[in-house]
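I have placed the structure first, in the form of structure tokens, so that the comments after it can refer back to it.
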Amino acid sequence: MAAEFTSLEGCLEKHLPPKELEEVKRILYGKPVSTLELPTEALKLAEEKNFELAGYKFGVLEEQLRKPRIVKIGAVQNKIVLPTSAPLANQLAALHARIKEITDAAALCGVNVICFQECWTMPFAFCTREKHPWTEFAESVIDGPTIKLCQELAKQHNMVIVSPILERDSVHQDRIFNTTVIISNNGSVLGKTRKNHIPRVGDFNESTYYMEGDLGHPVFQTQFGRIAVNICYGRHHPLNWLMYAVNGAEICFNPSATVGALSEPMWPIEARCAAIANNYFTVAINRIGTEVFEHEFTSADGKPAHRDFGHFYGSSYVAAPDGSRTPGLSRVNDGLLVTEVDLNMCRQVKDKWCFQMTSRLDMYANSLTEAVKPDFKQQIIRDEA
């Protein structure tokens with residue numbers, strides 16, 4: 001059933017009268033977003049290649065002293081193309097071809113910055129607890145095949161590409177990291193960021209595959225604004241989101257891979273809450289499909305062994321600094337979400353709500369410094385009566 005339910009938005013539209021639907025969407029999603037008109041060629045390509053294509057636009061106040069800073073964001077979700085039993089080179093080539101098709105459609109839509117899902121070049125094999133052959137998918141961020149492809153696409157389409165991969169760091173004894181590489185629209189590698197928080201939740205015990213990130217919270221100044229990447233499990237850590245804001249992010253991507261039984265009730269909330277608290281745009285991206293593996297594995301939950309982890313439910317969306325958000329993509333189909341934003345909204349919302357002006361980072365910093373000490377004493381006032 002979970003894999004058959006297409007989307008919450010579709011269910012609401014099917015069962016609610018127009019007036020009630022409008023009010024429900026206002027409460028669930030904030031101020032309404034406009035539908036973005038997309039080129040006929042892109043829609044035809046999406047139909048031909050069998051992926052969903054949706055476009056939305058956030059409204060923003062027009063300023064007198066600053067010109068609009070319009071950016072089109074692309075968010076991609078997709079299934080693996082070949083079965084997990086296929087030769088690794090074939091799996092990688094098929095995923096490269098699929099992403100190229102979707103990126104071509106994004107280019108037709110005028111997308112400036114595009115982001116793919118977490119570890120998009122491979123099945124999400126971390127759940128299997130098998131190291132081989134899956135660690136063979138790890139590649140260099142300098143001259144790996146995925147980076148070369150993204151460089152070609154970025155230069156061809158004048159598009160910043162945010163590409164999450166499994167990184168093999170050959171300079172540091174072949175250590176592996178869950179990494180996202182940022183490719184400039186001129187085709188050069190602008191930099192990389194690494195996953196700071198590793199899940200240890202049943203099958204999502206990924207700590208035997210790769211190391212915690214060691215690069216902090218970098219923000220990348222691109223031609224299309226300042227962008228950051230909070231990889232997957234990091235979305236459960238509010239301070240992780242915060243540090244990207246402290247470093248000046250205007251768009252924070254959250255490429256993820258998560259299944260319905262584990263996290264779906266939290267999914268519509270976390271990236272949206274981060275957008276509100278930090279006054280930047282957030283882009284929540286989740287893979288889709290059910291990935292079946294050759295060998296059974298357990299989920300540390302007492303249930304029988306199985307060959308799949310569950311249904312990756314897609315539902316990718318974009319949230320704005322004012323708390324509004326786009327509808328999500330499908331739970332079951334490959335998709336490209338194109339969202340037009342004006343980065344001026346970040347400062348406009350800061351001026352309205354004053355979250356940054358009223359923050360107490362100094363107080364929190366002092367308290368956290370004490371909290372990590374071995375002899376820390378909690379500030380609890382007890383009733384001794």
Side-chain angles (χ1 to χ4, degrees), residues 2-3 5-13 16 21-33 54 56 58 73 75-77 115 117-118 164 195-202 204 217 228-245 249-288 310-332 335 337 339 341 345-346 349-350 352-353 355-356 359:
F5 185 71
T6 303
S7 71
L8 174 62
E9 291 85 1
C11 181
L12 293 173
E13 290 168 3
L16 289 180
L21 177 64
E22 182 180 339
E23 189 68 2
V24 167
K25 285 187 173 181
R26 181 189 68 81
I27 295 171
L28 284 180
Y29 302 137
K31 291 191 296 186
V33 295
Y56 300 98
F58 289 103
I73 300 168
V76 180
Q77 63 179 42
C115 183
Q117 65 200 25
E118 182 187 23
K195 189 172 180 177
N196 286 327
H197 299 277
I198 298 182
R200 291 168 175 85
V201 184
F204 280 160
H217 300 84
V229 189
N230 182 3
I231 302 173
C232 196
Y233 194 72
R235 73 181 179 277
H236 304 309
H237 295 266
L239 292 180
N240 211 44
W241 291 107
L242 170 65
M243 288 310 302
Y244 296 115
E250 296 171 306
I251 306 170
C252 192
F253 294 93
N254 178 227
S256 298
T258 182
V259 295
L262 183 68
S263 63
E264 195 162 12
M266 299 187 289
W267 179 255
I269 302 169
E270 287 175 301
R272 188 179 177 197
C273 285
I276 296 169
N278 297 292
N279 296 154
Y280 52 35
F281 292 93
T282 59
V283 186
I285 303 169
N286 184 29
R287 72 168 58 200
I288 60 166
H311 176 67
F312 294 98
Y313 52 81
S315 307
S316 304
Y317 68 95
V318 176
D322 65 355
S324 56
R325 55 153 286 184
T326 70
L329 288 176
S330 165
R331 297 179 73 260
V332 296
L337 175 64
T339 307
V341 306
M345 185 192 285
C346 298
V349 176
K350 288 176 184 177
K352 177 179 180 179
W353 282 101
F355 293 156
Q356 282 66 35
S359 68

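All of these numbers come straight from a predicted model, not from anything done at the bench.
Between His217 and Tyr244, the ring centre distance stays below 6.0 Å.
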Where do Lys195 and Tyr233 land on the side chain to side chain contact (heavy atoms under 4.5 Å, CB included) test, with the steps shown first? CA-CA 8 Å; Lys195 189 172 180 177; Tyr233 194 72; 4.0 Å; yes

If you apply the rule side chain to side chain contact (heavy atoms under 4.5 Å, CB included), what do you find for His236 with Met266, and how did you get there? CA-CA 9 Å; His236 304 309; Met266 299 187 289; 3.9 Å; yes

As a quick check of understanding, evaluate side chain to side chain donor-acceptor pair (under 3.5 Å) for Arg272 and Thr282, giving each step before the final call. CA-CA 7 Å; Arg272 188 179 177 197; Thr282 59; over 6 Å; no

How far apart are the C-alpha atoms of Val283 and Asn254, what are their side-chain angles, what is the distance that settles it, and do they pass the side chain to side chain contact (heavy atoms under 4.5 Å, CB included) test? CA-CA 6 Å; Val283 186; Asn254 178 227; over 6 Å; no

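Under a 4.0 Å N-O distance rule, the pair Glu9/Arg325 qualifies as a salt bridge.
Annotation: side chain of Ser316 is in contact with side chain of Leu329 (closest heavy-atom distance under 4.5 Å). Here the side chains of Cys115 and Ile285 are in contact, with some heavy-atom distance below 4.5 Å. Side-chain atoms of Pro327 and Tyr317, non-hydrogen and from C-beta on, never get closer than 4.5 Å to each other. You'll find the side chain of Trp267 reaches within 4.5 Å of the side chain of Ser315, heavy atoms only. Using a 4.5 Å heavy-atom cutoff, the side chains of Gln117 and Val76 are not in contact. Lys25 has its side chain within reach of Glu13: a pair of non-hydrogen atoms, C-beta onward, lies under 4.5 Å apart. No side-chain heavy atom of Glu118 sits under 4.5 Å from any side-chain heavy atom of Val229. Side-chain contact between Phe355 and Lys350 is absent, with no heavy-atom pair separated by less than 4.5 Å.
Minimum heavy-atom separation, Tyr56 to Leu337: CD1-CD1, 3.6 Å. Minimum heavy-atom separation, Tyr29 to Leu8: OH-CD2, 3.8 Å. Nearest heavy atoms, Thr326 versus Val33: CA-CG2, 4.3 Å. What you find for Cys232 and Ala257 is that their closest heavy atoms are SG-N, 3.6 Å. Nearest heavy atom pair, residue Phe5 against residue Arg331, reads O-NH1, 2.7 Å. Closest heavy-atom contact between Ala274 and Tyr280: O-CE1, 3.8 Å.
Looking only at atom types and distance, the side chain of Asn230 has a donor-acceptor partner in the side chain of Asn240 under 3.5 Å away. Side-chain polar atoms of Tyr313 and Ser263 form a donor-acceptor pair below 3.5 angstrom.
Not one N or O on the side chain of Trp241 forms a donor-acceptor pair closer than 3.5 Å with the backbone of Asn278. A donor-acceptor pair under 3.5 Å is formed between the side chain of Asn286 and the backbone N or O of Thr258. The closest donor-acceptor contact from the side chain of Thr339 to the backbone of Val318 lies at 3.5 Å or more, if one exists at all.
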